[in-house]
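To keep things clear, I will list the structure first and then write my remarks on it.
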Amino acid sequence: MLDPGYVKDHLPDVEARLRTRGFDPGPELAELAACDAERRRLIPLVENLKRDQKTAGEAVARAKKEGRDAADVVAASKTRAAEIRELEAALEAVEARWRERLLTLPNLPHESVPVGTSAADNPEVRRWGTAPSFDFEPKPHWELGAALGILDFERATRMSGARFAVLSGAGARLERALIDFMLDLHTRDHGYREVEPPFLVNRAALTGTGNLPKFEQDLFRIAGDWDLFLIPTAEVPLTNLHREEILDGRLLPLKYTAYTPCFRSEAGSYGADVRGLIRQHQFDKVELVKFTTPDSSHAELEALTRDAETVLERLGLPYRRVLLCTGDMGFASAKTYDIEVWLPSQQTYREISSCSNTEAFQARRAQIRYRADGTGKPQFVHTLNGSGLAVGRTLIAILENGQRRDGSIAIPPALQPYMGGVEAIEPGS
RNA sequence: GGUGAGGUGGCCGAGAGGCUGAAGGCGGCGGUUUGCUAAACCGUUGUAGGGCCCAAAAGCUCUACCCAGGGUUCGAAUCCCUGCCUCACCGCCA
């Protein structure tokens with residue numbers, strides 16, 4: 001959520017910056033301003049009446065005590081009570097509309113974010129490693145996995161439908177090893193606290209991160225009298241760890257990591273990545289989340305992105321980092337880096353992590369504040385999140401980059417301890 | 001799922017229709033005292049939204065907030081309804 005005061009006082013600037021995201025914010029901002037004006041008109045009216053009502057009430061109390069009759073005051077108050085009810089209803093309606101507008105407006109891009117309209121405008125800011133060269137035609141991961149007997153889409157489809165997969169044997173073990181490896185790296189070397197959060201969350205939590213009210217169609221909501229949703233990412237429970245809290249500024253930054261499965265409806269992506277593990281309704285991810293002070297959040301974004309890249313470097317997987325342009329950024333983000341890993345079968349880099357600074361956007365929605373030095377006025381923290389990494393896509397990258405002519409897969413040395421010392425996945429394992 | 005007891009400020013804890021933004025205590029902050037610490041004493045101490053003022057801050061002022069949402073009433077922390085949560089016991093269960 002944008003700062004309502006800032007929006008009101010800097011309307012042209014807000015409009016120009018939102019426009020770079022590729023939509024016309026004019027009508028929405030106009031409605032927001034209209035609601036705000038109406039709201040400010042009504043508030044003093046209601047409050048003055050309330051003050052009169054209070055004063056009158058005190059007069060009634062005094063009269064009663066002194067044994068005088070107060071029927072005329074009571075009669076006037078009765079009329080005023082009806083007036084107040086009416087005005088309050090009008091005010092509430094306006095404020096509901098105002099809040100709804102505010103909640104559906106995306107974040108303002110940070111000044112360092114390049115203006116652009118699509119992924120084609122995202123500048124590459126970093127490249128690491130070299131793409132492996134093969135003296136044979138590299139296969140896509142679904143063929144490798146099927147041949148090795150560790151990746152099964154047919155059986156998954158039978159029990160769950162499209163966009164689900166079964167990992168088994170060395171495949172399941174590899175998935176678990178990657179989770180373990182990532183969590184160990186982030187907790188031991190990068191200073192994150194490991195968390196095991198709920199995988200189902202309520203509407204308020206999803207509103208806090210920005211998934212609701214606008215993107216309900218992307219979520220799986222559970223049936224019955226519950227109003228709970230499967231988490232689309234651990235960013236949601238981790239960010240909501242401190243919802244409606246005032247943190248001690250001396251403890252910032254707070255850094256959390258969690259492994260969770262993630263669930264996404266993938267509504268509207270019917271044609272994309274239909275084969276393989278790239279786009280699933282359920283996938284594993286190790287997430288990184290930080291709560292920081294406003295002045296340090298962008299430096300912390302750089303550090304968080306490095307923490308995610310380190311996973312790939314330890315695994316020896318080539319990658320590049322791109323800076324998302326204004327038109328390609330997510331709703332809540334002020335600045336986002338995507339990390340993309342090399343996939344030999346596609347001869348291209350594919351997203352494996354997305355690291356964002358939402359600044360105060362989520363903090364304002366979720367009411368996450370801090371006091372500098374533990375005292376003074378509470379201010380909103382800045383929240384950051386990033387994948388560290390998407391586990392399924394990491395598994396894909398290991399299969400494809402580590403494949404050999406005989407169909408076996410070389411396990412990166414850093415991962416071998418987590419695989420019981422196995423150096424390669426051989427057919428039949 | 002059943003029964004009972006509860007949810008009041010940073011914490012503990014009073015209040016049971018008007019004089020209560022809320023006694024008292026603890027903690028925090030400022031001060032007095034002190035060689036230092038402690039103690040004692042004095043003062044102060046929530047959040048949000050309006051208005052005035054305004055470059056801004058401060059200041060002044062109003063309104064709201066005693067788990068949440070409704071209701072009764074001229075007037076609700078206090079009465080009624082619903083929901084959520086906590087605790088205890090029972091039942092069921094990985």
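Letters A, B, ... mirror the listed sequences (proteins, then strands); counts begin at 1.
Around the CZ atom of Arg193(A), the shell of radius 6.0 Å holds no more than 12 heavy atoms that belong to other residues, nucleotides or ligands. Counting heavy atoms of neighbouring residues, nucleotides and ligands inside a 6.0 Å radius, atom NZ of Lys214(A) exceeds 12 of them. Arg126(A) CZ: more than 12 foreign heavy atoms inside a 6.0 Å radius. Annotation: Glu111(A), atom CD; neighbour count of heavy atoms from other residues, nucleotides and ligands within 6.0 Å does not exceed 12.
A distance of 6.0 Å or more separates the ring centres of Tyr256(A) and Tyr192(A).
The pairing partner recorded for G17(B) is none, the criterion being a Watson-Crick or G-U wobble arrangement whose two distances lie under 3.5 angstrom. Summarising the base pairing, U63(B) is matched to A48(B) through a Watson-Crick or G-U wobble pair whose two defining distances lie under 3.5 Å. In this structure, U3(B) and A88(B) make a Watson-Crick or G-U wobble pair, each of the two defining distances being under 3.5 angstrom. Applying the Watson-Crick and G-U wobble criteria (two distances, each under 3.5 Å), C93(B) pairs with nothing in any strand. Base-pair partner of G30(B): C42(B) (Watson-Crick or G-U wobble, both distances under 3.5 Å). When both pairing distances are held under 3.5 Å, A68(B) makes a Watson-Crick or G-U pair with U82(B). When both distances must be under 3.5 Å, the Watson-Crick or G-U wobble mate of A56(B) does not exist. Partner assigned to G24(B) is C12(B), using Watson-Crick or G-U wobble distances below 3.5 angstrom.
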Inset, instruction - Report, as a single string ordered 5' to 3', how protein heavy atoms within less than 4.0 Å touch nucleotides 45-68 of chain B: B base, S sugar-phosphate only, - not at all. - result: --SSBSS----------BBS----

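Separating the C1' atom of U63(B) from that of U72(B) is a span of 23 Å, rounded to the nearest Å. Between U8(B) and G59(B), the distance separating the two P atoms is 30 Å to the nearest Å. Distance noted for atom P between G1(B) and G83(B): 12 Å (whole Å). Taking atom C1' in both A55(B) and G70(B), one finds a spacing of 45 Å when rounded to whole Å. Taking atom P on both nucleotides, G15(B) is separated from C74(B) by 29 Å, rounded to a whole Å. Taking atom P on both nucleotides, G10(B) is separated from G28(B) by 16 Å, rounded to a whole Å. For the P atoms, the distance linking A77(B) with G21(B) amounts to 8 Å, nearest Å. The C1' atoms of G27(B) and G13(B) are separated by 14 Å, rounded to the nearest whole Å.
Atom CD in Glu58(A) sits roughly 12 Å away from atom P in A76(B) (whole-Å rounding). For the pair Arg203(A) CZ and C84(B) C1', the interatomic distance rounds to 16 Å; values are reported in whole Å.
Comparing Glu92(A) and Val73(A) along RNA chain B, the residue whose closest nucleotide (by nearest heavy atom) sits nearer the 5' end is Glu92(A).
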Inset, instruction - I would like to know whether Phe331(A) and Phe215(A) meet ring-ring contact (aromatic ring centres under 6.0 Å, His included); could you show each step before the answer? - result: CA-CA 10 Å; Phe331(A) 178 75; Phe215(A) 306 103; 5.2 Å; yes

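Backbone-only contact: Ala81(A) has heavy atoms under 4.0 Å from sugar-phosphate atoms and none from a base.
No donor-acceptor pair under 3.5 Å is formed between the side chain of Arg350(A) and the backbone N or O of Glu340(A).
Smallest separation of non-hydrogen atoms from Met182(A) and Gly388(A): SD-O, 3.5 Å.
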